[in-house]
Amino acid sequence: MSSVNLTSLGANQLKNTTSGEMVEVGSLWREQTVILFFLRRFGCQVCRWMAAEVSKLEKDLKANGIALIGIGPEEMGVKEFKDGGFFKGDIYVDEKKQCYKDLGFKRYNAMNVVPAAMGKKVREIASKASAEGIQGNFSGDLLQSGGMLIVAKGGEKVLLHFVQKTPADNASLEDITKALGISANVQAGEKPQCSEDVCTR
């Protein structure tokens, strides 16, 4: 099972990007089950595609009283991200990146970030994102990885703790609905098939 300490994690502070208010992470799951989607960067094209994917579940989540929350490691790019409508949930910033540390979301370094960012899986999703009109940029912290945490109402237990191993990794819609014990009427986006240099849509 997950080794996440919800007590210490819940005491961390996040900034609401709409109100500017600081809130404790634990307040997000106090009254409802919550999906916490941790983005690498708000400007990341692949992250934007993943945000759009998980947002396909919004209606089913609302119907089951489940909140969808996006969290970024810095404010840079958040306005463009929100204006782009990539994500259908509230958005917060972990200014100290303490949640990222506590959840084991690794940081790349100058030596390993380029091979990770140029990997085949990343190119496949970037191609799919481009085909859907989702663009990105290279502004902000390029070294942070992300993931997802799903916590049951009241902090009763962790339902899913997903940690990215590469920038292209994401929890599938099937994994998310299975962890929540709900059904959803959505079609997951199909990733394009790629040879080593060419992606087809």
Side-chain angles (χ1 to χ4, degrees), residues 2-18 22-29 32-58 61 66-78 80-82 84 86-108 113 116-117 121-122 125 129 134 136-137 139-152 155 157-173 175-177 179-180:
S2 173
S3 59
V4 176
N5 183 329
L6 290 178
T7 303
S8 62
L9 180 71
N12 293 339
Q13 297 276 318
L14 297 176
K15 182 177 182 179
N16 184 306
T17 61
T18 301
M22 298 300 292
V23 302
E24 284 195 348
V25 179
S27 68
L28 301 176
W29 61 66
Q32 62 198 345
T33 296
V34 67
I35 297 175
L36 301 176
F37 171 56
F38 289 85
L39 295 96
R40 293 184 58 238
R41 291 184 301 116
F42 287 116
C44 165
Q45 182 185 31
V46 171
C47 300
R48 290 175 174 185
W49 183 84
M50 291 175 182
E53 274 293 286
V54 73
S55 292
K56 291 177 179 178
L57 295 173
E58 182 205 19
L61 296 176
I66 299 162
L68 178 60
I69 304 286
I71 300 169
E74 60 186 350
E75 282 198 66
M76 182 173 284
V78 72
E80 184 182 334
F81 182 83
K82 288 168 85 169
F86 304 110
F87 187 72
K88 295 180 178 173
D90 291 335
I91 301 171
Y92 292 80
V93 173
D94 180 4
E95 294 179 313
K96 295 182 179 176
K97 301 181 185 177
Q98 191 59 50
C99 294
Y100 285 79
K101 291 174 193 162
D102 291 349
L103 291 170
F105 300 149
K106 71 179 180 183
R107 286 187 61 75
Y108 293 98
V113 70
K121 282 174 71 179
V122 174
I125 296 179
I134 298 174
N137 60 55
S139 300
D141 183 352
L142 302 176
L143 304 180
Q144 183 64 58
S145 66
M148 182 175 284
L149 184 72
I150 303 179
V151 181
K157 62 181 175 178
V158 171
L159 301 175
L160 179 72
H161 177 206
F162 177 82
V163 179
Q164 281 188 323
K165 291 181 180 159
T166 78
D169 292 339
N170 66 307
S172 70
L173 300 186
D175 288 342
I176 295 167
T177 54
L180 291 166

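Heavy atoms only: backbone and side chains are in, while hydrogens, waters and symmetry mates are out.
Panel note: side chain Ser55, backbone Ala51; a donor-acceptor pair is recorded below 3.5 Å. The main-chain N or O of Ile91 is found under 3.5 Å from a side-chain atom of Thr17 such that the two form a donor-acceptor pair.
Atom CD1 of residue Ile66 and atom OG1 of residue Thr33 lie 5.5 Å apart, to the nearest 0.5 angstrom. Atom-to-atom distance recorded for Tyr92:OH and Ile71:CD1 is 9.0 Å, nearest 0.5 angstrom. Within the model, atoms CD1 of Ile35 and CG of Leu68 stand 5.5 Å from one another, a figure rounded to the nearest 0.5 Å. Taken from CD in Glu24 to CH2 in Trp29, the straight-line distance is 9.5 Å, to the nearest 0.5 Å.
Tested against Gln144 for a side-chain contact (heavy atoms from CB on, under 4.5 Å), the candidates Glu74, Arg41, Lys97 yield a single pass: Lys97.
For Phe81, the ring pair (Phe, Tyr, Trp, His ring centres under 6.0 Å) test picks out Phe42, Phe86, with sequence neighbours left out. Qualifying side-chain hydrogen bond (donor to acceptor under 3.5 Å, both in side chains) partners for Lys88, counting only residues two or more places apart in sequence or in other chains: none. For Asp102, the side chain to side chain contact (heavy atoms under 4.5 Å, CB included) test picks out Leu9, Asn12, Gln98, with sequence neighbours left out. Asp175 is linked by a side chain to side chain contact (heavy atoms under 4.5 Å, CB included) to Ser172, counting only residues two or more places apart in sequence or in another chain. Remark: Phe105 pairs with Phe38, Tyr100 by the ring pair (Phe, Tyr, Trp, His ring centres under 6.0 Å) rule, at least two apart or across chains. Evaluation of the side-chain hydrogen bond (donor to acceptor under 3.5 Å, both in side chains) rule for Lys101 yields no partner, not counting sequence neighbours. Shown here are the side-chain hydrogen bond (donor to acceptor under 3.5 Å, both in side chains) partners of Glu75, two or more places apart in sequence or in another chain: Lys15. With sequence neighbours excluded, the residues satisfying side chain to side chain contact (heavy atoms under 4.5 Å, CB included) with Thr177 are Leu57, Ile182, Ala184. Residues meeting the side-chain hydrogen bond (donor to acceptor under 3.5 Å, both in side chains) test with Asn5, sequence neighbours left out: none.
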Practice problem: Take Gln13 and Val23, measure what side chain to side chain contact (heavy atoms under 4.5 Å, CB included) needs, and give me the verdict at the end. | Solution: CA-CA 5 Å; Gln13 297 276 318; Val23 302; 5.9 Å; no
Quiz prompt | Criterion side chain to side chain contact (heavy atoms under 4.5 Å, CB included) on Val151 and Leu160, from CA distance to verdict | solution = CA-CA 7 Å; Val151 181; Leu160 179 72; over 6 Å; no
Self-check item: Test log, rule side chain to side chain contact (heavy atoms under 4.5 Å, CB included), inputs Val4 and Leu149
Solution: CA-CA 9 Å; Val4 176; Leu149 184 72; 4.1 Å; yes
Exercise. Apply side chain to side chain contact (heavy atoms under 4.5 Å, CB included) to the pair Gln164 and Arg40, showing each step before the final yes or no.
Key: CA-CA 10 Å; Gln164 281 188 323; Arg40 293 184 58 238; 3.3 Å; yes
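Annotation: side chain of Pro73 is not in contact with side chain of Asp94 (no heavy-atom distance under 4.5 Å). With contacts defined as side-chain heavy-atom distances shorter than 4.5 Å, the pair Cys44/Leu39 does not qualify. At least one side-chain heavy atom of Val163 sits under 4.5 Å from a side-chain heavy atom of His161. When side chains are defined from C-beta on, Leu61 does not count as touching Glu58, because their heavy atoms never get closer than 4.5 Å. At a threshold of 4.5 Å between non-hydrogen side-chain atoms, the residues Val54 and Ile176 count as touching.
The two residues Met50 and Asp169 come nearest to each other via the heavy atoms CE-O, 3.4 Å. Contact between Leu6 and Lys157 at its shortest, heavy atoms only, is CD1-C, 4.2 Å. Nearest approach of Val46 to Ala168, heavy atoms of both residues: CG1-CA, 4.4 Å.
Remark: Glu80 engages Arg48 in a salt bridge, criterion side-chain N to carboxylate O under 4.0 Å.
In this structure, a donor-acceptor pair under 3.5 Å is present between the side chains of Lys82 and Thr18.
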